[in-house]
Amino acid sequence: DKKEYNSEKVEPRDVGIHRWVEELVSDDDRTVLTRGECGKKEENSHIWNVSTTALTDVEVGDKIYDTAKVSGSIPSGSKLRFKLYNSEDSNCQNVIWTSDTQSVPEAGYYKSEAYKTSEGGEYYWVEQLLNKDGDVIAQGVCGIERETSSVLSSDTTYDEKTNTPGSGYPDAPPSSVVDSSIPVTG
């Protein structure tokens, strides 16, 4: 008579491959009656993390992009794609642009293709990590600050003291372009 049992929920502390081994113990918890095999493929959990940083504070007509840092144990055949939404869609329901998918053979930095802006406002990026079958296995959150590209129209003014968009003078350069010198692979 087969019966399925689920383990308690476990919150992993680190990225990587976590291996499960089941044990059947006696009613008094003193004797191991049978033990599973360590390292079986179907008993492994791949734990990974994807974090991203979008290019911000550019002028209308400039190109914007997103950079993903993928860490941990990436399942074989994984791919990454980026979706872009504009400021009129803060709930990220209507994609205005989707990047091509790119292979993610290992942990590292992956840069999206560039998108040429045509109007000012906020642009929201959402990255998606896909398995070999194309199913989404991890996805970013729409609207978070580091996933937002601010595109300044020519009439944007700048705060004189902080040199950031605000109520100051219109000829100041943008002040916070994300460092694009991060090594990018893919």
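Predicted model only: the values in this text are computed from it and were never measured.
Other cluster members for Tyr85: Val95, Tyr124, Val126, joined by side-chain heavy-atom distances under 4.5 Å among Ile, Leu, Val, Met, Phe, Trp and Tyr. Counting Ile, Leu, Val, Met, Phe, Trp and Tyr side chains that sit under 4.5 Å apart, directly or through other members, Leu24 shares a hydrophobic cluster with Leu33.
Atom CZ of Arg81 sits about 4.5 Å away from atom CG of Leu130, to the nearest 0.5 Å. In this structure, the separation between CG on Leu152 and OG1 on Thr56 is 7.5 Å, given to the nearest 0.5 Å. Atoms CG and CD, on Leu84 and Glu127 in that order, are 12.5 Å from each other to the nearest 0.5 Å. Note that OG1 of Thr67 is 9.0 Å distant from CH2 of Trp125, once rounded to the nearest 0.5 Å.
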Kindly list each side-chain donor-acceptor pair under 3.5 angstrom involving residues 113-122, sequence neighbours excluded, with atom names and distances?
residue : atom : partner : partner atom : Å
Glu113  : OE1  : Asp100  : N            : 2.8
Thr117  : OG1  : Gly61   : N            : 2.9
Thr117  : OG1  : Asp62   : N            : 3.4
Thr117  : OG1  : Asp62   : O            : 2.9
Glu122  : OE1  : Ser150  : OG           : 3.3
Glu122  : OE2  : Ser150  : OG           : 3.1

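Applying the disulfide (SG to SG under 2.5 Å) test to pairs two or more places apart or on separate chains, those with a residue in residues 57-130 are Cys92-Cys142.
Checked by atom type and distance alone, the side chain of Gln102 pairs as donor or acceptor with a backbone atom of Lys111 at under 3.5 Å.
Every residue two or more places apart in sequence or in another chain that forms a side-chain contact (heavy atoms from CB on, under 4.5 Å) with Ser78 is listed here: Ile74, Pro75, Val104, Leu129, Ile137. Gln139 pairs by the side chain to side chain donor-acceptor pair (under 3.5 Å) definition with Gln128, not counting sequence neighbours. In terms of the side-chain contact (heavy atoms from CB on, under 4.5 Å) criterion, residue partners of Asp133 (sequence neighbours excluded) are, by chain and number, Asn131, Asp135. In this view, Gln93 and Asp89, Asn91 satisfy the side-chain contact (heavy atoms from CB on, under 4.5 Å) rule, not counting sequence neighbours. Partners of Ser112 according to the side chain to side chain donor-acceptor pair (under 3.5 Å) rule, which considers only residues two or more places apart in sequence or in another chain, do not exist here. Applying the side chain to side chain donor-acceptor pair (under 3.5 Å) rule to Asp28 yields the partners Ser26; only residues at least two apart in sequence or on another chain are considered. Under the rule for a side chain to side chain donor-acceptor pair (under 3.5 Å), Arg146 has no partner lying at least two apart in sequence or in another chain.
Among all heavy-atom pairs drawn from Ala54 and Ser149, the shortest one is CB-OG, 3.6 Å.
Ile144 and Val151 fall into different hydrophobic clusters, where Ile, Leu, Val, Met, Phe, Trp and Tyr are joined by side-chain heavy atoms under 4.5 Å apart, directly or via other members.
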Exercise. Could you walk me through whether Asp66 and Lys83 pass the side-chain contact (heavy atoms from CB on, under 4.5 Å) check?
Worked result: CA-CA 10 Å; Asp66 197 11; Lys83 292 187 173 195; over 6 Å; no

